Amino acid sequence: MKKKFKLTKKVFSFPYILFLILFVIVPLVLILVNAFLDSDKNLTLNNFKTFFSSPASSIVLGNSLLVGVITTVLCLVIGYPVAYILSKMSSGKILVLLYVLPMFINFLIRTLATKAIFIALNVELGMGTVLFGMVYNYLPFMIMPLHTTISGIDKSYIEAAQDLGADKVTVFLKTTLPLSVSGILSGVTMVFIPTISTFAISQLLSNGKIFLFGDSIQLSFEQNLYGVGSIMSLVMLAFVLVSNFVMNKFNRNNDAVRRSLW
Amino acid sequence: MKSYLKFPALIFAICLVFLPLFSACDKKDNGGEHVELVIYNWEDYIDIGDSEMGRNNILDDFCAYYREVTGDTLTIKYTTFDTNETMMTKVLNNDANVDLICPSEYAIEKLLLAGKLENQKKLYEELKPTLDGYGIDLDGMSSVGKGDGTIEDEIMNVIRVMFGSIEDGHGNTLDMTEYMVPYMWGTLGILYNKDVISQEELDEYGWGVLWNVQNNEELENKILMKDSVRDTYAAALFYMYEYDLLPEKYKDIKNAQDLINVTDDEMVEAAERVLTEQRDHISGYEVDFGKDDMINEIVYADFAWSGDALWAVEESYDEDDEVHDDGCFLGYYCPTGVNPKTEKERFSNIWYDGWVIPTTVKNPLAAMMFIDYMARPQNAVRNSVAIGYTCAADKQLMSENDEALAFLEEQEYDVEEYFSNVGRYPEINFALGVMRDFGGENEKVVNMWQRAKSGAGVDMSLVYVIVAIVGAFLIAALVYIIAQLLKRRPKKLSSAE
């Protein structure tokens with residue numbers, strides 16, 4: 001006998017599980033399979049050889065990582081003071097909304113608009129404009145977690161530090177900064193990982209002159225080089241996983257530090 | 001479990017309701033059978049009508065013609081692709097259930113070798129009794145073994161020379177002209193801004209203009225190249241030929257055909273060198289916004305396909321313009337023939353797209369009739385005017401066809417100028433070469449293209465940015481620590497007292 005269908009809480013997760021299988025797991029398996037196939041669908045390891053022996057791929061990957069690091073650092077340098085000041089202000093929550101508001105507009109439209117502004121101002125498109133576009137697009141991803149963490153810090157730590165005679169800078173360095181490390185880490189993850197795989201921003205804001213890893217993957221698939229494209233995607237995935245792992249490790253250590261603060 | 005099925009069923013029902021909206025022709029029930037024709041064409045590559053200029057959608061006109069001849073009602077399902085590669089992936093994987101495709105020459109070669117195309121000559125013989133029954137003969141088609149039909153014989157010659165006998169690797173020799181009917185053709189050249197680049201400059205420097213070899217200050221960083229491997233590779237070869245930069249063993253090549261089909265290591269390496277060098281002089285790579293950027297004068301030179309270029313030139317027309325003799329501030333230049341200054345021969349590329357019938361065809365009769373209909377001079381001119389590209393129909397036949405001439409005049413064209421425009425109708429000779437599929441060399445050329453696009457090495461300016469940021473941090477930290485130390489000392493002393 002068939003079991004009667006019951007509407008339980010579990011049932012509501014089915015659509016998402018189905019989605020996950022169809023659009024995350026199946027494509028990943030396809031990429032993995034494609035990495036070992038040549039253009040005639042024969043099993044081969046040549047794709048790996050092509051990718052790892054070609055200087056082009058390492059140059060492109062190197063450039064992408066550099067752009068990713070610079071974008072992340074710039075976002076942190078700009079975002080941290082903003083998040084810090086906003087968390088001190090009573091109207092901070094509303095102001096944060098203003099920073100996050102652009103995120104609700106599709107990033108392609110924003111990037112095209114940025115490009116139009118640069119052209120109107122006669123700015124030459126190139127690395128500078130790409131970095132600007134990256135920072136502009138990913139800054140909210142840095143400010144959001146930082147603001148949440150900093151405003152969540154228990155005020156009594158700061159008061160205690162002040163009571164013990166620490167000046168403003170020491171208070172910041174000894175309490176606020178260490179306590180906001182988890183926010184910094186999640187902000188860095190949220191900025192670094194998308195920037196190394198982005199392709200539309202670099203393509204649009206440099207007229208295709210700045211060629212990043214994402215662009216390279218796109219070109220490979222477009223040119224029917226599914227094998228090499230799949231390997232690039234796997235390398236990208238590896239980078240994402242490694243940086244996630246490192247961040248988690250840091251975060252855990254940081255938790256230990258925080259506990260030891262007592 | 002039944003409730004699970006309801007939702008998809010509902011969606012399916014909705015789709016069914018909306019489906020007819022996407023079809024080009026009305027399904028009026030006037031007797032006869034209902035048949036369907038599925039067309040797979042480039043985007044913006046057919047006359048879809050323009051009420052302002054008094055043109056109908058040519059697909060609707062074909063449906064009416066089909067009904068008139070056969071008595072059956074035809075529904076056209078029209079789908080599009082944006083690159084040959086997208087289309088080929090679909091067709092080669094048998095995912096495209098279509099009756100007609102319009103690929104470029106090299107894609108036709110590839111599909112032909114993969115055995116995906118119907119021989120139209122054989123198809124015609126099979127269909128002959130039916131066609132005779134309807135009283136039509138498909139004389140316009142160049143593929144059915146009745147000469148060149150309504151197609152320009154010079155184009156047919158180009159195809160015969162290059163693809164007249166292709167070895168398929170199984171001991172068969174295939175003749176591409178039996179598998180396709182040319183639709184549009186054109187050249188590769190330079191779309192330029194007349195205010196920045198002079199005619200003398202173009203004549204003297206030819207392809208070098210795209211490298212800004214003349215050091216025109218206004219032009220520096222205002223050049224766009226195509227973001228497409230094949231076209232940019234061809235440009236690099238033409239440039240190297242004109243400026244004697246070819247590897248030693250290719251120095252005595254005498255025609256364009258032989259030149260642009262070289263893809264050995266040495267040539268690819270040389271192409272990479274000139275393309276990397278070009279990066280410093282250009283604004284970037286595009287495939288779609290080049291025309292607009294030229295019209296808006298954001299850039300001053302664009303490496304372009306003739307059809308796109310002629311379209312942009314027409315767009316740049318201004319009635320009140322008194323500076324330029326034709327009223328357009330843009331021009332198209334295809335560097336071929338002898339350079340008057342250096343007496344060096346210059347080459348360019350000739351390409352064409354043609355109608356082919358894939359083996360997945362379900363309605364061969366309608367497909368063949370469609371190709372024939374499109375090849376008629378009056379219809380070829382219509383498509384040509386609508387999209388800007390040069391149609392492959394015979395120039396002589398077109399200029400003798402009253403319907404075509406009346407149409408051109410109605411669309412405000414100077415008929416004589418239209419057919420004598422060298423941008424639209426260049427002289428076809430050895431200086432224009434057809435580019436074959438790269439075949440097994442594709443990956444090598446794509447890899448070169450990736451390197452050329454990413455620049456020779458890791459961008460050093462980025463490393464400097466990182467060093468600068470880290471340096472700024474270190475200095476700030478140092479200043480801060482010193483300040484702290486200076487502040488702390490007196491405090492410690494006072495607390496000690």
Side-chain angles (χ1 to χ4, degrees), chain A residues 2 5 14 38-39 41 46-47 50-51 54-67 69-70 73-74 76-77 112 115-116 119-120 122 124-128 131 165 167 169-170 173 203-213 215-216 219-228, chain B residues 1-4 83 85-86 88-89 92 221-222 224-230 272 279 282-287 289-290 293 296 298-299 438 440 442-459 461-463 465-466 468-470 472-473 480 483-484 487-488 491 495:
Chain A
K2 260 188 200 166
F5 176 73
F14 286 172
D38 66 9
S39 50
K41 309 271 176 232
N46 260 343
N47 296 328
T50 324
F51 176 75
S54 121
S57 35
S58 55
I59 290 170
V60 175
L61 189 57
N63 271 336
S64 301
L65 290 175
L66 279 177
V67 169
V69 169
I70 293 174
V73 171
L74 284 176
L76 186 61
V77 171
L112 281 169
K115 186 182 171 184
I119 288 173
N122 247 333
E124 199 179 301
L125 299 180
M127 189 50 90
L131 283 176
D167 56 27
V169 179
T170 321
L173 284 180
Q203 216 167 56
L204 287 172
L205 287 179
S206 74
N207 272 351
K209 244 173 140 181
I210 306 292
F211 193 68
L212 299 183
F213 206 58
D215 301 303
S216 189
L219 180 68
S220 300
F221 278 99
E222 195 185 87
Q223 284 297 324
N224 230 341
L225 305 175
Y226 284 6
V228 180
Chain B
M1 291 300 278
K2 256 186 192 168
S3 61
Y4 277 118
T83 63
E85 281 65 32
T86 335
M88 277 197 280
T89 311
L92 291 173
N221 283 321
K222 298 282 188 190
L224 281 176
M225 285 299 286
K226 280 272 161 291
D227 196 355
S228 134
V229 192
R230 290 173 55 84
E272 180 179 349
R279 271 173 57 86
I282 62 173
S283 161
Y285 307 93
E286 58 84 32
V287 276
F289 58 81
D293 280 7
N296 296 327
I298 294 167
V299 292
F438 286 148
N442 190 37
E443 197 162 334
K444 188 167 76 192
V445 186
V446 172
N447 277 333
M448 178 281 287
W449 173 232
Q450 301 227 15
R451 282 197 298 276
K453 269 186 90 176
S454 58
V458 171
D459 198 327
S461 61
L462 281 181
V463 180
V465 174
I466 290 195
I469 293 174
V470 173
F473 258 114
Y480 170 74
Q484 279 304 89
K487 248 192 228 167
R488 245 177 227 173
K491 259 190 195 167
S495 62

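Here the structure is a predicted model, which means the values were calculated and not measured. Reminder, nothing fancy here: chain letters follow the sequence lines and each chain counts from 1.
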Chemist: Nearest 0.5 Å, please: how far is CG in A:Leu219 from NZ in B:Lys453?
Modeler: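 Going from NZ on B:Lys453 over to CG on A:Leu219, the span is 6.0 Å.
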
Chemist: Which atoms form the tightest heavy-atom contact between B:Ser454 and A:Ile59, and what is the distance?
Modeler: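 Shortest heavy-atom separation between B:Ser454 and A:Ile59 comes out as OG-CG2, 4.1 Å.
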
Chemist: Can you confirm whether A:Val228 sits close enough to B:Asn447 that some side-chain heavy atom of one is under 4.5 Å from a side-chain heavy atom of the other?
Modeler: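 Side chain of A:Val228 against side chain of B:Asn447, heavy atoms only: no contact under 4.5 Å found.
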
Chemist: Atom CZ of B:Phe289 and atom NZ of A:Lys115: how far apart are they, to the nearest 0.5 Å?
Modeler: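 It is 4.0 Å, given to the nearest 0.5 Å.
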
Chemist: If you count heavy-atom pairs under 4.5 Å with chain A, which of B:Leu92, B:Asp293, B:Asn221, B:Asp227 comes out on top?
Modeler: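 Greatest number of close heavy-atom pairs with chain A: B:Asn221.
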
Chemist: Under 4.5 Å, counting heavy-atom pairs only, tell me which of A:Ser216, A:Ser206, A:Ser220 racks up the most with chain B.
Modeler: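 Of A:Ser216, A:Ser206, A:Ser220, A:Ser216 has the most heavy-atom pairs under 4.5 Å with chain B.
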
Chemist: If I measure from the heavy atoms of chain B, does A:Val77 come under 4.5 Å with its side chain, its backbone, both, or neither?
Modeler: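 Contact with chain B involves the side chain of A:Val77 alone.
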
Chemist: Which bit of B:Ile282 is near chain A, if near means a heavy-atom gap under 4.5 Å: side chain, backbone, both or neither?
Modeler: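 Contact with chain A: backbone and side chain both.
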
Chemist: Let me know if A:Leu74 has heavy atoms under 4.5 Å from chain B in its side chain, its backbone, both or neither.
Modeler: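 Looking at A:Leu74, just its side chain touches chain B.
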
Chemist: So how far is it from A:Asn207 CG to B:Glu286 CD, rounded to the nearest 0.5 Å?
Modeler: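 So the gap between those two atoms works out to 8.5 Å.
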
Chemist: Where on B:Asn442 is there a heavy atom nearer than 4.5 Å to chain A: the side chain, the backbone, both, or neither?
Modeler: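 Just its side chain gets close to chain A.
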
Chemist: Please flag which part of B:Thr83 lies under 4.5 Å from any non-hydrogen atom of chain A: side chain, backbone, both or neither.
Modeler: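 No part of B:Thr83 comes within 4.5 Å of chain A.
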
Chemist: At what distance, to the nearest 0.5 angstrom, does CD1 of A:Ile119 lie from CG of B:Asn296?
Modeler: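 Interatomic distance, A:Ile119 CD1 to B:Asn296 CG, rounded to 0.5 Å: 9.0 Å.
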
Chemist: Are the side chain of A:Lys209 and the backbone N or O of B:Tyr285 linked by a donor-acceptor pair below 3.5 Å?
Modeler: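 Such a contact is absent between A:Lys209 side chain and B:Tyr285 backbone.
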
Chemist: Of the backbone (N, CA, C, O) and the side chain (C-beta and beyond), which part of B:Lys222 lies under 4.5 Å from a heavy atom of chain A, both, or neither?
Modeler: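 The side chain, not the backbone.
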
Chemist: For A:Leu173, is it the side chain, the backbone, both, or neither that has a heavy atom closer than 4.5 Å to a heavy atom of chain B?
Modeler: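 It is the side chain, since no backbone atom gets that close.
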
Chemist: Can you tell me how far apart CZ (A:Phe221) and CD (B:Glu85) are? Round to the nearest 0.5 Å.
Modeler: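 Going from CZ on A:Phe221 over to CD on B:Glu85, the span is 15.0 Å.
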
Chemist: Report which part of A:Asn122 has an atom under 4.5 Å of a heavy atom belonging to chain B: side chain, backbone, both, or neither.
Modeler: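 Contact with chain B involves the side chain of A:Asn122 alone.
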
Chemist: With the side chain counted from C-beta on, respond yes when B:Thr89 and A:Tyr226 share a heavy-atom pair under 4.5 Å apart, and no when they do not.
Modeler: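 With C-beta onward as the side chain, the pair touches.
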
Chemist: To the nearest 0.5 Å, tell me how far A:Ser57 OG sits from B:Arg451 CZ.
Modeler: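 Interatomic distance, A:Ser57 OG to B:Arg451 CZ, rounded to 0.5 Å: 9.5 Å.
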
